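Heads up: the structure comes next, in structure tokens.
Convention: sequence-line order gives letters A, B, ...; per-chain numbering from 1. Just so it is clear, the model here is predicted, and its values are computed rather than measured.
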There are 2 protein chains.
Amino acid sequence: MSKRSSVAGRAGDAELRADARRNRQLIIEAAQQLFLRDGADVPLEEIARRAGVGIGTLYRRFPDRNALIHAAGLAMLERLAELAESAWREEPDAWHALRRFLRGALELRLGALQSVIEPRLHAAMRAAPELREIRQRIIVLVERMIRHAHQDGALRPDVEPGDIALMMTMHVQLPGAAPDERAVRRVVEIMLDGLRAGDQPELPDGAMPIGAVQPDPVEP
Amino acid sequence: MSKRSSVAGRAGDAELRADARRNRQLIIEAAQQLFLRDGADVPLEEIARRAGVGIGTLYRRFPDRNALIHAAGLAMLERLAELAESAWREEPDAWHALRRFLRGALELRLGALQSVIEPRLHAAMRAAPELREIRQRIIVLVERMIRHAHQDGALRPDVEPGDIALMMTMHVQLPGAAPDERAVRRVVEIMLDGLRAGDQPELPDGAMPIGAVQPDPVEP
DNA sequence: GGCTAACCGGAGGATTTTCCTCCAGTTGAC
DNA sequence: GTCAACTGGAGGAAAATCCTCCGGTTAGCC
């Protein structure tokens, strides 16, 4: 057995020479930024350029666009899960945990990234159980936050998980560059204030359902 | 003077045969939908297809992509202005006007469309005074709504015009198709509740500035 | 320090996408 | 009924994107 072999932890990340592993990471980060800014069809060459590596390196590590989307989606879901878990673990109550989670998801634009690559991820999810598994973990945790926050009377009672999910994916695009951090933060705070229990009028029906990955759609 | 000539109302719309005018309108509507869904780089052929006209027809009416973006942007700004004006005219007070305006902008996705094509519109705006003029009219009206709503004590005092502008451009993308109307509506209502005057904590600094079209950036 | 397997960048040809003109046929307005 | 205006889409030009291949470089181990 070669010295390098291992349990092969997260597929692709282990068993690489140090420089290769570093570049792989740079590529994923660049991909996340560009997917977010330009959509999932952004030229791979541009991703390579932003990562500061050659196009050859990108192709060596990710044989096709789907592999890259898969990796970027996995990294994103892992950050989201980590965000939800630390919030739940460290905040004093469910409302604060939910608030921290939403702030993080919106400021890191994790939800927005999700909304951009999710269509492509759907195909991957059916094939890749680990993606489904992480996604499920996040859903369970957020649902738990909501349930407890309701019980505590901190979250307005008519808010449903689907509402939170939709808010997470809200995308702020501004002419040209990325929107100003601080300006977005203000809007997030306004939304959070709208979520607090109070004497608001009841929300209309029709919350978005959230749940498992849908079964295969019929081919067009 | 030919019988067809006229004051040439909105450029390009008048002096066309009925079928041509109808097709022109269909093209603009298709362009708005696709710009919103796929970004401002969507192939013109796809726009023609969705409009149900040939590619030749599209090119005859809009010599290049910019002309189409210009027309779509103009139509969008006109609807926004109309929305702001009717809200101001027909609602009993500034808060209700602002609420109606925001609901409309978010549900019609006018702000989102704006955010998609605004980068391209910027160039057009410098050249096209009528775009600047409409845009300015909207800004003035919304600022007036905010000012009055503040005076009435209905809008939380730390909300600034830039916050409203940013909320307008919020984009809800969902995997695949357009997001469900009713689900989005709920989130809009939550945001509106966050805007109402109450005992919320103060917003952090850093509201987005809004204003005139910026001067020409230096060429890269 | 020296060795070598693993890694790197990017030139460049193949492929796909997008553009945009042109013209034979159709239609609305008078 | 006439005809100027309009229509759709075929198809070649141009541009964008993909993706392989290989000479040169480097990390890791002795």
- Message: Heavy atoms only, 4.0 Å cut-off, all strands: where does A:R65 land among base, sugar-phosphate and nothing?
- Response: sugar-phosphate
- Spacing of A:D38 atom CG relative to D:dT17 atom P, expressed in whole Å: 10 Å
- Query: To the nearest angstrom, how far is A:R60 atom CZ from D:dC22 atom P?
  - Reply: 14 Å
- Message: Looking at D:dT7, I'd like to know if its phosphate oxygens (OP1 or OP2) sit under 4.0 Å from a side-chain N or O belonging to B:N23.
- Response: yes
- Send over the distance from B:I55 CD1 to C:dT18 P, rounded to a whole Å. 12 Å
- For A:D64, answer base if it contacts any base atom (sugar-phosphate contacts may also be present), sugar-phosphate if it contacts only those atoms, and nothing otherwise; contact means non-hydrogen atoms under 4.0 Å. nothing
- Just how far, in rounded Å, is P of D:dA5 from CG of B:D19? 13 Å
- Rounding to a whole Å, what distance do you find between A:R21:CZ and D:dG28:C1'? 12 Å
- Note on the structure: Ranking B:R22 and B:G56 by the position along DNA chain C of their nearest nucleotide, the one closer to 5' is B:G56
- Task: Please determine, for the side chain of B:A20, which listed nucleotide (D:dG8, D:dC6, C:dC20) has the closest atom?
- Result: D:dC6
- Query: Taking NZ, NE, NH1 and NH2 as the nitrogens, is one of them in B:R109 or B:E181 under 4.0 Å from a carboxylate oxygen of the other?
  - Reply: yes
- Separation of C:dC8 P from A:R61 CZ (nearest whole Å): 5 Å
- Message: Would the distance check show the side chain of A:R65 and the main-chain N or O of A:A40 forming a donor-acceptor pair, the cut-off being under 3.5 Å?
- Response: yes
- Take the protein atom CD1 of B:I27 and the nucleotide atom C1' of D:dC6, then report the distance between them rounded to whole Å. 12 Å
- Is there a donor N/O on one and an acceptor N/O on the other, under 3.5 Å, for the side chain of B:R17 and the base of C:dA29? no
- Do B:R185 and B:E189 meet the salt-bridge criterion of a basic N to acidic O distance under 4.0 Å? yes
- Note on the structure: Interatomic distance, CG@B:L44 vs CG@B:L58, rounded to 0.5 Å, equals 5.5 Å
- Query: For the side chain of B:D193 and the backbone of B:I190, is there at least one donor-acceptor N/O pair under 3.5 Å apart?
  - Reply: no
- Does the side chain of B:I134 reach to within under 4.5 Å of the side chain of B:L131, using non-hydrogen atoms? no
- Query: In whole Å, what is the span from the CG atom of B:L16 to the P atom of D:dT7?
  - Reply: 9 Å
- Message: Contact list please: residues 40-52 of chain A against DNA chain C, heavy atoms, distance less than 4.0 Å, in numerical order.
- Response: A:G52
- Look at A:E90 together with A:R100 and state whether they make a salt bridge at an N to O cut-off of under 4.0 Å. yes
